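On a predicted model such as this, the values are computed, not experimentally measured, just so you know.
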Amino acid sequence: MGTGTGIGRVRGLGSAKHGAHHWLAQRYSAVGNLLLVLWLIFSLLSLPGLDYESVVNWIHNPLVAVPLMLMVVSIFMHLRLGMQVMLEDYVHDKGLAFLSMLLLNFYAFGGAAAGVFAIAKIAFIGIVK
(Lines give C-alpha, C1' and ligand atoms only; values in the text may rest on other atoms or scores of the structure.)
Protein backbone atom coordinates (compact mmCIF):
# COMPACT_ATOMS: atom_id res chain seq x y z
CA MET A 1 0.00 0.00 0.00
CA GLY A 2 1.51 3.30 -1.06
CA THR A 3 1.61 6.40 1.05
CA GLY A 4 2.33 8.91 -1.68
CA THR A 5 -1.10 9.37 -3.21
CA GLY A 6 -4.63 9.55 -1.86
CA ILE A 7 -5.71 6.41 -3.66
CA GLY A 8 -2.70 4.57 -2.29
CA ARG A 9 -3.71 5.36 1.28
CA VAL A 10 -7.29 4.15 0.94
CA ARG A 11 -6.84 1.19 -1.41
CA GLY A 12 -8.10 -2.02 0.14
CA LEU A 13 -9.89 -0.37 3.04
CA GLY A 14 -13.37 -0.97 1.64
CA SER A 15 -16.43 1.15 2.23
CA ALA A 16 -17.12 3.21 5.32
CA LYS A 17 -20.34 1.16 5.86
CA HIS A 18 -22.51 4.24 6.45
CA GLY A 19 -23.96 4.99 3.02
CA ALA A 20 -26.41 2.09 2.85
CA HIS A 21 -27.96 2.88 6.23
CA HIS A 22 -28.47 6.53 5.32
CA TRP A 23 -29.91 5.60 1.93
CA LEU A 24 -32.33 3.08 3.49
CA ALA A 25 -33.40 5.52 6.23
CA GLN A 26 -34.26 8.11 3.58
CA ARG A 27 -36.27 5.57 1.57
CA TYR A 28 -38.13 4.33 4.67
CA SER A 29 -39.00 7.88 5.66
CA ALA A 30 -40.20 8.57 2.10
CA VAL A 31 -42.55 5.57 2.23
CA GLY A 32 -43.78 6.64 5.67
CA ASN A 33 -44.36 10.17 4.40
CA LEU A 34 -46.30 8.87 1.41
CA LEU A 35 -48.57 6.71 3.57
CA LEU A 36 -49.15 9.44 6.16
CA VAL A 37 -49.86 12.15 3.59
CA LEU A 38 -52.30 9.85 1.77
CA TRP A 39 -53.98 9.18 5.14
CA LEU A 40 -54.17 12.95 5.73
CA ILE A 41 -55.70 13.64 2.32
CA PHE A 42 -58.33 10.90 2.63
CA SER A 43 -59.11 11.88 6.22
CA LEU A 44 -59.61 15.52 5.28
CA LEU A 45 -61.78 14.56 2.31
CA SER A 46 -63.99 12.47 4.58
CA LEU A 47 -64.73 15.42 6.89
CA PRO A 48 -68.16 17.02 6.50
CA GLY A 49 -66.56 20.45 6.16
CA LEU A 50 -63.13 22.07 6.35
CA ASP A 51 -64.15 24.90 8.64
CA TYR A 52 -62.15 25.67 11.77
CA GLU A 53 -64.46 23.88 14.22
CA SER A 54 -64.64 20.69 12.15
CA VAL A 55 -60.88 20.43 11.80
CA VAL A 56 -60.24 21.20 15.50
CA ASN A 57 -62.82 18.59 16.53
CA TRP A 58 -61.16 16.14 14.14
CA ILE A 59 -57.72 16.79 15.69
CA HIS A 60 -59.15 16.26 19.20
CA ASN A 61 -59.35 12.54 18.37
CA PRO A 62 -56.13 10.79 19.52
CA LEU A 63 -56.35 8.48 16.49
CA VAL A 64 -55.90 11.62 14.39
CA ALA A 65 -53.47 13.63 16.54
CA VAL A 66 -50.89 10.85 16.85
CA PRO A 67 -50.59 10.15 13.10
CA LEU A 68 -50.38 13.91 12.47
CA MET A 69 -47.49 14.14 14.93
CA LEU A 70 -45.81 11.13 13.33
CA MET A 71 -46.20 12.76 9.92
CA VAL A 72 -44.58 16.01 11.09
CA VAL A 73 -41.64 14.15 12.65
CA SER A 74 -41.21 11.90 9.60
CA ILE A 75 -41.28 14.82 7.18
CA PHE A 76 -38.66 16.77 9.12
CA MET A 77 -36.49 13.63 9.47
CA HIS A 78 -36.70 13.07 5.71
CA LEU A 79 -35.84 16.72 5.10
CA ARG A 80 -32.82 16.44 7.40
CA LEU A 81 -31.53 13.29 5.70
CA GLY A 82 -31.84 14.76 2.22
CA MET A 83 -30.30 18.10 3.13
CA GLN A 84 -27.44 16.35 4.95
CA VAL A 85 -26.51 14.49 1.77
CA MET A 86 -26.64 17.71 -0.24
CA LEU A 87 -24.46 19.56 2.29
CA GLU A 88 -21.93 16.71 2.48
CA ASP A 89 -21.68 16.63 -1.31
CA TYR A 90 -21.46 20.35 -2.05
CA VAL A 91 -20.05 22.18 0.99
CA HIS A 92 -16.30 21.55 1.02
CA ASP A 93 -15.07 24.07 3.60
CA LYS A 94 -14.91 22.26 6.97
CA GLY A 95 -16.03 25.22 9.06
CA LEU A 96 -18.92 26.08 6.77
CA ALA A 97 -19.93 22.42 6.57
CA PHE A 98 -20.00 22.19 10.37
CA LEU A 99 -22.06 25.39 10.66
CA SER A 100 -24.44 24.26 7.93
CA MET A 101 -25.01 20.89 9.61
CA LEU A 102 -25.53 22.59 12.97
CA LEU A 103 -28.12 24.97 11.52
CA LEU A 104 -29.80 22.11 9.64
CA ASN A 105 -30.11 20.07 12.84
CA PHE A 106 -31.51 23.04 14.78
CA TYR A 107 -34.00 23.74 12.00
CA ALA A 108 -35.13 20.11 11.62
CA PHE A 109 -35.46 19.34 15.33
CA GLY A 110 -36.95 22.75 16.11
CA GLY A 111 -39.45 22.51 13.27
CA ALA A 112 -40.53 19.02 14.28
CA ALA A 113 -40.85 20.08 17.93
CA ALA A 114 -42.90 23.17 16.96
CA GLY A 115 -45.19 21.07 14.76
CA VAL A 116 -45.74 18.43 17.43
CA PHE A 117 -46.35 21.14 20.02
CA ALA A 118 -48.91 22.88 17.79
CA ILE A 119 -50.80 19.63 17.17
CA ALA A 120 -50.70 18.75 20.87
CA LYS A 121 -51.97 22.20 21.81
CA ILE A 122 -54.89 21.89 19.40
CA ALA A 123 -55.60 18.28 20.40
CA PHE A 124 -55.68 19.03 24.14
CA ILE A 125 -57.03 22.59 24.10
CA GLY A 126 -60.21 21.49 25.91
CA ILE A 127 -58.17 19.73 28.62
CA VAL A 128 -55.24 22.10 29.22
CA LYS A 129 -55.92 25.82 29.52
Side-chain angles (χ1 to χ4, degrees):
M1 201 153 65
T3 58
T5 64
I7 191 69
R9 286 189 293 275
V10 298
R11 188 168 292 167
L13 295 178
S15 70
K17 307 283 191 228
H18 295 289
H21 169 73
H22 193 101
W23 186 84
L24 280 173
Q26 193 169 22
R27 293 328 178 259
Y28 290 151
S29 67
V31 170
N33 290 343
L34 177 66
L35 295 175
L36 288 166
V37 168
L38 286 174
W39 166 82
L40 176 68
I41 291 168
F42 288 121
S43 294
L44 288 174
L45 290 175
S46 69
L47 286 176
L50 292 178
D51 58 301
Y52 177 79
E53 288 182 25
S54 296
V55 174
V56 167
N57 288 333
W58 175 68
I59 294 175
H60 276 295
N61 184 355
L63 295 176
V64 172
V66 171
L68 278 176
M69 290 177 187
L70 289 173
M71 184 181 71
V72 167
V73 170
S74 179
I75 286 172
F76 275 99
M77 184 180 82
H78 185 75
L79 171 136
R80 186 187 163 281
L81 290 170
M83 291 296 294
Q84 179 182 349
V85 169
M86 186 198 67
L87 291 173
E88 288 172 350
D89 287 346
Y90 296 110
V91 179
H92 301 293
D93 181 71
K94 296 288 184 191
L96 186 58
F98 176 79
L99 179 64
S100 299
M101 287 300 296
L102 183 69
L103 291 174
L104 172 63
N105 285 327
F106 278 134
Y107 176 77
F109 293 128
V116 168
F117 176 76
I119 294 167
K121 188 172 179 181
I122 293 169
F124 303 117
I125 200 162
I127 299 168
V128 179
K129 294 249 181 187

>> So, using side-chain contact (heavy atoms from CB on, under 4.5 Å) as the criterion, who are the partners of S54 when residues are at least two apart?
In response: D51
>> Test question: given the 4.5 Å side-chain rule for I, L, V, M, F, W and Y, name all other residues clustered with L63, or answer none.
In response: none
>> Test of understanding: with side-chain contact (heavy atoms from CB on, under 4.5 Å), list the residues that count as partners of L70, not counting sequence neighbours.
In response: L36, V66
> Can you tell if the side chain of M83 reaches within under 4.5 Å of the side chain of M86, non-hydrogen atoms only?
Replying inline: yes
> Are L40 and I119 linked, directly or through other ILVMFWY residues, by side chains that come within less than 4.5 angstrom of each other?
Replying inline: yes
> Taking a hydrophobic cluster as the set of Ile, Leu, Val, Met, Phe, Trp and Tyr residues connected by side-chain heavy atoms closer than 4.5 Å, whether directly or through intermediates, do V37 and L44 fall within one such cluster?
Replying inline: yes
> Minimum heavy-atom separation for N33 to M71, with atom names?
Replying inline: OD1-O, 4.4 Å
> Is L68 close to W39 at the side-chain level, that is, under 4.5 Å between some pair of heavy atoms?
Replying inline: yes
> When rounded to the nearest 0.5 angstrom, what is the spacing between OG in S43 and CG in L38?
Replying inline: 10.5 Å
> Considering residues at least two apart in sequence or located in another chain, which fulfil the side-chain contact (heavy atoms from CB on, under 4.5 Å) criterion with Y107?
Replying inline: F76, L79
> side-chain hydrogen bond (donor to acceptor under 3.5 Å, both in side chains) with S29: which residues, sequence neighbours excluded?
Replying inline: H78
>> I need the minimum non-hydrogen distance between L96 and D93, along with the two atoms involved.
In response: N-OD2, 3.0 Å
>> Are I125 and H60 packed together at the side-chain level, in the sense that at least one heavy-atom pair is separated by less than 4.5 angstrom?
In response: yes
> With sequence neighbours excluded, what pairs up with V31 under the side-chain contact (heavy atoms from CB on, under 4.5 Å) test?
Replying inline: L35
>> If you compare all heavy atoms of V72 against all heavy atoms of V116, which two are closest, and at what distance to 0.1 Å?
In response: CG1-N, 4.2 Å
